[in-house]
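The block underneath contains the structure these notes are about, expressed in structure tokens.
Order of listing sets the numbers, starting from 1, for every ligand and every atom in it. Note that the coordinates shown come from a computational prediction; the quantities given were computed from them, not determined experimentally. We number each residue from 1, following the sequence as shown.
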Amino acid sequence: MTKVDRLRELISAANRIVIFTGAGVSTESGIPDFRSPGGVWDRYKPIYFDDFMSSRESRRETWRRKIETDKTITVAKPNRGHKAIASLISRGKASAVITQNIDGLHQISGVPDEKVIELHGNSTYCSCLDCGCRIALQNVLEPFRRDETLPECPACGSEYVKTATISFGQPMPEEQMRRAQEVTLAADLFIAIGSSLVVYPAAGFPLMAKQNGAKLTILNREATELDQYADLVLNAEIGPTLSAAVGLN
Ligand code: NAD
Ligand code: ZN
């Protein structure tokens, strides 16, 4: 029996699958991950939340990078991996997608908003850190492109307007963490896909599922930190592997 056959079996025996994704699920859509060669960390050092808050120059650098990364994110389309995941949700096999990604591709692939739990937020719109209101990305990027004007919140005037993402050093979103825990504890099969599983607290969910009695599967091109705890590890490409396991080929 191949590992894909084994994954197909695990999926067919399960009723409350939780899918957990990292940057690797979106590389086939043309968005680079962080830790592969040529990934984001090869080019940029992260900007920590405290620096964003305390320095206008850090905020300018953040928006400059956003303009760069948007060149890939705005044209990216869901790939076979996203579609296989969306089909597990629409068939009622999977209850939720917990994602570390900020690209919104799970929603575009057809997973309903309420079934996507975004642990690190979403970079396709902005929010005000003071009043919480939502601000269209375009309304921020247009003036910034012109002369690097930093945004101000149209509702409360705050200068702390940021993409709706969670930066290093920024508190995790409470409601998403709570929902992620709830679905993880109800899962009978937990499938971690395209994540190096080194960023915490996100990487705590696969172990939480396993310790709570769920089967744990890891699908990633290279070894991860949590392979030793998994019932099944597939070191393979996500799109072809997942579409074969879900029967979309
Ligand atoms: P990571 O870069 O640490 O790990 C990605 C993993 O996916 C790597 O181990 C890599 O080998 C594997 N991978 C890449 N393409 C693959 C493919 N086609 N098939 C199989 N495996 C593949 O990413 P992470 O664990 O998500 O952690 C990094 C952080 O970066 C996350 O918190 C996330 O918020 C952020 N991020 C998001 C995006 C996005 O939204 N698309 C992109 C880059 C980074
Ligand atoms: Zn505001």
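Distance check: Tyr44 OH to Arg64 CZ gives 11.0 Å after rounding to the nearest 0.5 Å.
Pro32 counts as a contact of ligand 1, since one of its heavy atoms falls under 4.0 Å from the ligand. Under a 4.0 angstrom heavy-atom cut-off, Ala236 registers as being in contact with ligand 1.
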If you apply the rule side chain to side chain contact (heavy atoms under 4.5 Å, CB included), what do you find for Leu150 with Glu159, and how did you get there? CA-CA 8 Å; Leu150 285 169; Glu159 58 182 319; over 6 Å; no
Apply the test side chain to side chain contact (heavy atoms under 4.5 Å, CB included) to residues Asn79 and His82: give CA-CA distance (whole Å), side-chain angles for both, the deciding distance (0.1 Å), then the verdict. CA-CA 5 Å; Asn79 63 57; His82 294 106; 3.5 Å; yes
Can Asp188 and Lys215 be said to form a side chain to side chain contact (heavy atoms under 4.5 Å, CB included), step by step? CA-CA 6 Å; Asp188 52 5; Lys215 292 261 191 290; over 6 Å; no
Give the intermediate values and the outcome of side chain to side chain contact (heavy atoms under 4.5 Å, CB included) for residues Met53 and Gln170. CA-CA 10 Å; Met53 297 302 279; Gln170 187 173 357; over 6 Å; no
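When the heavy-atom distances from atom 11 (O) of ligand 1 to Arg80, His106, Glu222 are ranked, the shortest goes to Glu222. One option in Gln100, Glu118, Arg221, Glu28 has a heavy atom closer to atom 33 (C) of ligand 1 than any other, and that option is Gln100. Nearest to atom 13 (N) of ligand 1 by heavy-atom distance, out of Ala23, Gly104, Gly24, is Gly24.
Contact atoms of ligand 1 toward Ile31: 41 (N) (distance under 4.0 Å to a heavy atom of the residue). Less than 4.0 angstrom separates some heavy atom of Gly194 from each of these atoms of ligand 1: 5 (C), 6 (C), 7 (O). Atoms of ligand 1 lying under 4.0 Å from any heavy atom of Gly22, numbered from 1 in the order shown and given with element: 26 (O). Of all atoms in ligand 1, listed by their number and element, those nearer than 4.0 Å to a heavy atom of Ile238 are 17 (C), 19 (N), 20 (C), 21 (N).
Between Phe20 and Phe205, the ring-plane angle classifies as tilted under the 30° and 60° cut-offs.
Within the 4.0 Å heavy-atom criterion, both parts of Asp103, backbone and side chain, lie near ligand 1.
A side-chain N or O of Asp130 and one of Ser158 form a donor-acceptor pair less than 3.5 Å apart.
Rounding to 10 degrees, one finds that the Zn ion (ligand 2) sits at the corner of an angle of 110° between Cys156 SG and Cys153 SG.
Side-chain heavy atoms closer than 4.5 Å link hydrophobic residues (I, L, V, M, F, W, Y) into clusters, and following such links, possibly through other members, connects Leu185 to Leu216.
Among the atoms of Cys131, an N, O or S atom falls under 2.8 Å of the Zn ion (ligand 2).
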